[in-house]
Amino acid sequence: MKQKFTVFTKIAFIGVFLLTNFNAGAQRICGTVDYLNTQIQSDPSIIQRRQNIESHTQAYQNSLNKSTAAIVTIPVVVHVVYNTSTQNISQAQIQSQIDILNADYTKMNADTAKVPALFKSLAADCKIEFVLAKRDPAGNATNGIVRKQTTITSFTTNDYVKYSIKGGDDAWASGSYLNLWVCPLGGGLLGYAQFPGSGSALTDGVVINVTAFGNTGTAAAPYNKGRTATHEVGHWLNLNHIWGDDNGACTGSDNVGDTPNQGAENYGCPAYPHASCSNTSDMFMNYMDYVDDACMNMFSAGQAARMNSLFATGGARTSLLQHPVQNVYKCYIHYPY
C-alpha cells in the first residue's frame, strides 16, 4: 500500500537527475537533496507553496473533470550555452528533442508497443505538446533558440547557467515559456528541473547536459534517445520519481494511484517482470524511473492527470495557456526508436 508522499517529509527528493559517468555501464543517481535544500534555505516559503500545489493536484486527481482535459501546447525556448564549438548543437539536434517530447507526451512514441500487457491499459496520452516559440518576450520573430558562448567549461546545480551575468543565459518569462537550457554539466550531472512552486521565476525550467539532449549530434549512449528531457520535464510538470524516493523502504509514494508501489529505482534495462514491494512488477519502463533511455516508454494515466492539474483552474502553470496563437507552431510526429 502506498504511503502519503508529503512535501514536508519528501521535499529533498524533487527534480534533479544525476549520472556518475557517461559510459554504457553508468547509472543514474538521484542527487536532489543539496539542490532543493539550497532553494529552501534561500526561500523557506517553498514548503508551503509546494503543499498548496499538492492539495490542488490531489483535488484534481479525485475529480471527474480530469478525463476532459484539453490539449495543452507549451511554447519552448532552448538556451544553448556552449563552451566549445562541438557543444553549440545543431538546430536538427534541438528539433529531435522537441519531436521526442511530443511523441512521449502524446503516446505517439513507436516503442509504446513495448509496454507490457500488465500496464498497456494504463499507458497514457498526456495531451501535452511542445513547440519552439515563434515570438520572443518582446514580440519579435524567433526560431525559439538562443545561443550563448561561455568561458565556463562545465555547470552545476548552482543555476549559473540560468544567468547571463554568471556565464549562462537569462530565462525568458517562465510564465509564458518552458525554458530548456542545454549546456556542459560537470560532476556527473545529467540534468535537473525546477518543480512548480519550488523556486524563483528566474530559474524556472529544465537543464540538460549536452551529451543527453535529443538523439543525434552530441547525444551519447545509453542516454541518447532524448528521455532525459522527457524525465526532467516530467519533474517540471510536478511528477515525482516513481519509487517515491524512500531508499527502497516500500513506504514512499509518487502520489499517483496507478503506478505500482516500488522498492527503489531501477537501472539499465531490467528483464520483465521485475518485482518489488510484493507487486507483480515494477513499472520500470516509466519515464520517471532511472532505466536507460531505450527502456523507457510510458507515462501512466494517473501521471497524466497529475500533470494536467497544473493547467486546470487554479493550477500552478495556467499562465502558459495565455500565450498568443502566433507565439507557437504545432508539430505532430510519430517518432521512431
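Contact of the Ser200 side chain with the Gln39 side chain is not registered, since no non-hydrogen atoms from C-beta on lie closer than 4.5 Å. A heavy-atom distance below 4.5 Å is found between the side chains of Asn308 and Ile128.
A donor-acceptor contact shorter than 3.5 Å is absent between the side chain of Glu265 and the backbone of Tyr290. Using modelled atom types, one side-chain atom of Ser281 and one backbone atom of His274 make a donor-acceptor pair closer than 3.5 Å. With hydrogens and angles ignored, the 3.5 Å screen pairs no side-chain donor or acceptor of Ser309 with any backbone N or O of Thr57. Remark: the backbone N or O of Asn83 is paired with a side-chain donor or acceptor of Gln87 at under 3.5 angstrom. Checking side-chain atoms of Lys114 against main-chain N and O of Met296 turns up no donor-acceptor pair under 3.5 Å. Looking at Ser174, its side chain does come within 3.5 Å of a backbone N or O of Ala201 through a donor-acceptor pair.
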### Message
Pair Leu310, Leu237 - check side chain to side chain contact (heavy atoms under 4.5 Å, CB included), show working.
### Response
CA-CA 7 Å; Leu310 298 173; Leu237 290 170; 3.9 Å; yes
Q.
Let's go through Glu129 and Ile74 carefully: what are the C-alpha distance in whole Å and the side-chain angles of both, what is the deciding distance for side chain to side chain contact (heavy atoms under 4.5 Å, CB included) to 0.1 Å, and is it a yes or a no?
A. CA-CA 6 Å; Glu129 300 171 343; Ile74 299 177; over 6 Å; no
- Task: Might you work through the side chain to side chain contact (heavy atoms under 4.5 Å, CB included) test for Ile98 and Val76, ending with a clear yes or no?
- Result: CA-CA 9 Å; Ile98 299 300; Val76 179; 4.1 Å; yes
Next on the checklist: Is there a side-chain hydrogen bond (donor to acceptor under 3.5 Å, both in side chains) between Asn215 and Arg227? Walk through the geometry before answering.
Outcome noted: CA-CA 9 Å; Asn215 71 343; Arg227 264 57 192 272; over 6 Å; no
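In this structure, Tyr177 and Trp172 have perpendicular ring planes: the angle between them is above 60°, well past the 30° mark. Note: His235 and His231 have perpendicular aromatic rings, judged against thresholds of 30 and 60 degrees for the angle between ring planes. The aromatic rings of Phe284 and Tyr272 lie tilted to each other, with the angle between the two planes from 30° to 60°.
Within the model, atoms OG1 of Thr142 and CG of Asp136 stand 6.0 Å from one another, a figure rounded to the nearest 0.5 Å. Note that the CG atom of Asn179 and the CH2 atom of Trp236 stand 8.5 Å from one another [nearest 0.5 Å]. Note that CG of Asn238 and CE of Met307 are 10.0 Å apart. Values are rounded to the nearest 0.5 Å. Atom CZ in Phe195 sits 12.5 Å away from atom CD1 in Ile46 (nearest 0.5 Å). Distance CZ/Phe311 to OG1/Thr73: 10.0 Å, rounded to 0.5 Å.
Annotation: Tyr160 is not in aromatic contact with Phe155 [ring centroid separation under 6.0 Å not met].
Each of Glu54, His56, Gln48, Arg49 was scored for a side chain to side chain donor-acceptor pair (under 3.5 Å) with Asn52, with one residue passing: Gln48. Checking each of Asp282, Asn279, Asp254, Asp289 against Thr259 for a side chain to side chain donor-acceptor pair (under 3.5 Å) leaves exactly one that passes, namely Asp254.
More than 12 non-hydrogen atoms from other residues, nucleotides or ligands lie less than 6.0 angstrom from CD of Gln149.
A salt bridge is defined here as a Lys NZ or Arg NE, NH1 or NH2 lying under 4.0 Å from an Asp or Glu carboxylate O, and Lys148 with Asp170 fails to meet this definition. The pair Asp159-Lys162 meets the salt-bridge criterion, with a side-chain N (NZ, NE, NH1 or NH2) lying under 4.0 Å from an Asp/Glu carboxylate O.
Side-chain contact, Thr230 with Asp104: a donor N or O sits under 3.5 Å from an acceptor N or O. Side-chain atoms of Tyr60 and Gln58 form no donor-acceptor pair, as typed in the model, at a separation below 3.5 Å. Between the side chains of Asp258 and Ser300, a donor-acceptor pair is found at a separation under 3.5 Å.
The shortest non-hydrogen separation linking Gly234 to Tyr105 is N-OH, 2.9 Å.
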